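First the structure, in the form of structure tokens, and then the observations on it.
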Amino acid sequence: MTPSRVVLAYSGGLDTSVAIGWIAERTGAEVIAVAADVGQGEDLTAIRARALACGAVESHLVDARSEFADDFLAPALRANVLYQDRYPLLSALSRPLIARHLVRVAREKGAGAVAHGCTGKGNDQVRFEVAVGALAPDLAVLAPVRDSGMTRDKAIAFVEEKGLPVPVTRSSPYSIDQNLWGRAAECGVLEDPWAQPPEEVFQHTADPTTPRQPDEVLIGFADGLPVSLDGRPLPLAALIGELNVRAGAHGVGRIDLVEDRLVGIKSREVYECPAAVTLLAAHRDLEDLTLERDLARFKRSVDQRWAELVYDGLWFSPLKRALDAFLADASRNVSGEVRVRLHGGTAQVVGRRSPASLYDFSLATYDAHDTFDQGLAKGFVDLWGLPTKVWAGREARLGDPLAGAAPSASPA
Ligand code: ARG
């Protein structure tokens, strides 16, 4: 059954602009466009108007910047989010938010389907569709670029034939996705993993090799979330926005990664995430000061799993939800201040303090104020090493060559 109304995730670019008329012609449905402002820094009023000019019956703009920061970036930061230890997941984090708004508008307008402009080779198709499936399993999903032969050439021909107001000529060789958490670039010369990214790829970070004076920023945290910059309380979205400019001016946050996509492709991606990289360094450092050892060690594995789930499109899933509960609890008392020096493309933590610190000077010091009883250490070490000592004795007795632990006997 073809739906009479379709809600389309609209970016203002070539593919989703063409998708409006394409869907309308092929299904006879009315297309309602939804564009979300997640801090991509584009003129979204122009984008809203463009959707109508391309044939949408309604065009909605959602200012989702605070929602993105508070509901998506905040838990990500608590999870020290880094896929493959390096990518802060900027695109992966915005997709479930956009899916949530597509579903909301579909319900309000009685639409039977949602649509996106993703290709079949990327992660974003998975993230949109799996999220929609979790939130509204009854809705159909249309993916014209992937499923109905909407190639780039055909899209350009469609624009020319219909006279649509879509800029196709000055199109950049790169495929870009950007928001408050950073900017992703792929395609063009970047498809050669050996080729150094040309400087023109970077829009939010200055060349880190240009000599300049270092900057230092003081970041205040409460329960695992940043709440102030240089002592000024700020809402999270504003804080990230300011820090992007501040850290970007020192070339902080450039990431060049050969990435493992969920669909099995390795792809070369270049990211710029000045605020994310700075906040992640500060947050992780404050955890080292305030988390008890076993909790900290265990949390590393939770962090990694969380990032993989979100990368893989499972934002709305039972394991992810359960891990969120763990992360919220673990983040209690990750509060305090971190000094970060921004210089030459790096964000270096140079100091940290916390009212909830577990650092005990009188235990750590080697000076006269030492309260650590070194006499207890001998017995501790003996008992700690007892199992391995017993095991090594057995190995020696049995002469088991496979164990290979004991040093070999002197040559016969
Ligand atoms: N590879 C990243 C991810 O899957 C970024 C994808 C962004 N899309 C783009 N058109 N550049 O999260």
Side-chain angles (χ1 to χ4, degrees), residues 8-19 35-36 38-42 47 68 72-73 75-77 79 81-99 116-131 143-146 150-152 155 168 171-193 197-198 200-205 253-274 276-277 280 304 306-316 320:
L8 169 70
Y10 184 66
S11 71
L14 174 68
D15 287 344
T16 54
S17 295
V18 169
V38 282
Q40 59 270 54
E42 287 172 328
I47 286 177
F68 185 44
F72 294 84
L73 304 183
L77 192 51
V81 66
L82 287 178
Y83 179 69
Q84 286 180 234
D85 298 328
R86 291 203 285 152
Y87 165 43
L89 291 192
L90 54 107
S91 304
L93 289 163
S94 74
R95 302 312 183 220
L97 175 148
I98 295 168
H116 62 73
C118 304
T119 73
K121 297 179 69 169
N123 299 309
D124 289 331
Q125 54 172 343
V126 184
R127 297 167 183 154
F128 276 128
E129 294 186 29
V130 174
V145 176
R146 183 190 64 195
M150 204 188 98
T151 61
R152 190 176 165 82
V168 281
S171 144
S172 127
Y174 309 110
S175 166
I176 302 295
D177 185 42
Q178 55 187 346
N179 59 47
L180 206 49
W181 205 227
R183 185 172 188 275
E186 55 194 354
C187 303
V189 65
L190 303 176
E191 287 180 352
D192 175 0
E200 61 170 24
V201 168
F202 300 103
Q203 300 289 320
H204 296 327
T205 51
R254 293 187 175 190
I255 299 155
D256 180 343
L257 176 67
V258 176
E259 184 171 304
D260 281 309
R261 288 191 188 164
L262 180 59
V263 294
I265 298 171
K266 279 193 188 288
S267 102
R268 199 279 191 93
E269 316 256 341
V270 174
Y271 300 105
E272 297 176 273
C273 309
V277 164
L280 288 165
Q304 192 185 339
W306 194 95
E308 288 166 357
L309 288 168
V310 174
Y311 185 88
D312 291 347
L314 296 171
W315 179 272
F316 301 108
K320 151 76 172 45

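The shown structure was predicted, so the numbers you read here are calculated from the model rather than taken from an experiment. Hydrogens, waters and symmetry mates play no part in the numbers below; they use all other heavy atoms, side chains included. For ligands, and for the atoms within them, numbers begin at 1 and follow the listed sequence. Residue indices begin at 1 and follow the sequence shown.
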Which one holds for E259 and ligand 1: side chain close, backbone close, both close, or neither close, with close meaning a heavy atom under 4.0 Å? side chain
For the CZ atom of R183 and the CD1 atom of I255, what is their distance to the nearest 0.5 Å? 13.5 Å
Atom indices of ligand 1 within 4.0 angstrom of R127 heavy atoms, with elements: 3 (C), 4 (O), 12 (O)
Any donor-acceptor pair under 3.5 Å linking the side-chain atoms of Y83 with those of E259? no
N123 to ligand 1: N or O pair under 3.5 Å? yes
Protein contact of atom 12 (O) of ligand 1 - nearest heavy atom, named by residue and atom, plus distance: Y87 OH, 2.6 Å
Atoms of ligand 1 less than 4.0 Å from E186 heavy atoms? 8 (N), 9 (C), 10 (N), 11 (N)
What class does the angle between the rings of H116 and F128 fall in, given that below 30° is parallel, 30 to 60° is tilted and above 60° is perpendicular? parallel
With a 4.0 Å cut-off on N to O distance, would you call R86 and E269 a salt bridge? no
Under 4.0 Å from a heavy atom of E269: which atoms of ligand 1 are those, numbered in the order shown and with their elements? 1 (N), 2 (C), 5 (C)
Contact atoms of ligand 1, heavy-atom distance to D177 under 4.0 Å: 7 (C), 8 (N), 9 (C), 11 (N)
Hey, could you give me the OH/CG distance between Y87 and D256, rounded to the nearest 0.5 Å? 14.0 Å
Is the ring centre of F68 less than 6.0 Å from the ring centre of W181? no
Taken to the nearest 0.5 Å, the spacing of L93 CG from I98 CD1 works out to 11.0 Å
For atom 5 (C) of ligand 1, grab the closest protein heavy atom and report residue, atom and distance to one decimal in Å. S91 OG, 3.4 Å
Determine, for Y311 and R261, whether the Lys NZ or Arg CZ falls below 6.0 Å from the six-membered ring centre while staying within 45 degrees of the axis. no
Quick one: look at R268 and ligand 1, take heavy-atom pairs under 4.0 Å, and tell me if it's side chain, backbone, both or neither. neither
Among non-hydrogen protein atoms, atom 10 (N) of ligand 1 lies closest to S175 OG, 2.7 Å
With heavy atoms and a 4.0 Å threshold, my read on which part of Y271 contacts ligand 1 is side chain
